[in-house]
Amino acid sequence: MNLVDEKERNEFEEQLTKVCNTIIEQSNALEHEVMIKPRYNQKKDKETGNIIASYIGCSVLAYRMVWFRLQTNMAKSYRLEFNNPMSIIESDATNLELKETKDGYYRYDFSKNKDPFKELMKFDKMLSKSYYWLCENEPVDSFGCCSLMEECSDEKKCIQPNIKLAKACQYRQRLLKGKIFYGKNRNIDEQ
């Protein structure tokens, strides 16, 4: 097992962050909904007292849930792990060797000799789909209706462009059932 000092760890974290930011950008992720958290296993070197790491990586969270993790053991390989339903993974990664982990993630291991950016790009469609899956499945606090209630009523559907707000809107659920409370299509008195 190769161990690295703090300088090497910081350099590698910078590289990982750049790769992760590229994935985030290509997925059209909302910046304020994504967070990159560094992960590493740190120990103190008995001889020098310096902090060393046996693996380095990061977790990328979207909507407060793990979107994907990327790490390396600094010796020979990288590992990419996804937190997604198998339906997303099966549709886009049938030719890649994915393994399910004990904690429900799907992982892809690849050699240190390969460019991590190119390897991640094999998953760009899957990562985009999984970002939207996380967005749709994020727990949200609901509310009655937003300022677009009359426009939504006139269109007979929710027109809120912010997915998170649309998902939390109780009036949207009523519109889906055909109950319209406002505007020219009001029909609540008839039902």
*For the residue pair Tyr108 and Phe110, is the inter-centroid distance of their aromatic rings smaller than 6.0 Å?*
yes
*At their closest point, which heavy atom of Asp154 faces which heavy atom of Gly183, and how far apart are they?*
OD1-CA, 3.5 Å
*For residues 140-175, pull every pair meeting ring pair (Phe, Tyr, Trp, His ring centres under 6.0 Å), keeping only residues two or more places apart or in separate chains.*
Tyr171-Phe181, Tyr171-Tyr182
_CA sep, side-chain torsions, deciding dist, call: Lys157, Leu175, side-chain contact (heavy atoms from CB on, under 4.5 Å)_ = CA-CA 6 Å; Lys157 64 180 182 180; Leu175 286 172; 5.6 Å; no
*Listed partners of Ser147 passing side chain to side chain donor-acceptor pair (under 3.5 Å), at least two apart*: none
*Hey, could you give me the SG/CG distance between Cys158 and Leu148, rounded to the nearest 0.5 Å?*
7.5 Å
*What is the distance from atom OG of Ser142 to atom NZ of Lys167, rounded to the nearest 0.5 Å?*
11.5 Å
_Gap between atom CG of Leu61 and atom CH2 of Trp67 - 0.5 Å precision_ = 11.0 Å
*Does the pair Arg174 and Arg172 meet the rule for a side-chain contact (heavy atoms from CB on, under 4.5 Å), with working shown?*
CA-CA 5 Å; Arg174 289 189 170 88; Arg172 176 177 178 250; over 6 Å; no
*If you round to the nearest 0.5 Å, how far is CG of Asn187 from NZ of Lys179?*
9.5 Å
*Where do Phe68 and Glu81 land on the side-chain contact (heavy atoms from CB on, under 4.5 Å) test, with the steps shown first?*
CA-CA 5 Å; Phe68 63 93; Glu81 295 180 331; over 6 Å; no
*salt bridge (charged side-chain N to carboxylate O under 4.0 Å, His left out) with Asp109: which residues, sequence neighbours excluded?*
Arg79, Arg107
*Find out if a path of hydrophobic residues (ILVMFWY) with successive side-chain heavy-atom gaps under 4.5 Å connects Met65 to Leu80.*
yes
*asked:* Treating Asn185 as the side-chain partner and Ile180 as the backbone partner, does any N or O pair qualify as donor plus acceptor under 3.5 Å?
replied: no
_Backbone N/O of Asn162 and side chain of Gln160: donor-acceptor pair under 3.5 Å_ = yes
*How far does CD of Glu155 sit from CD of Glu150, to the nearest 0.5 angstrom?*
13.0 Å
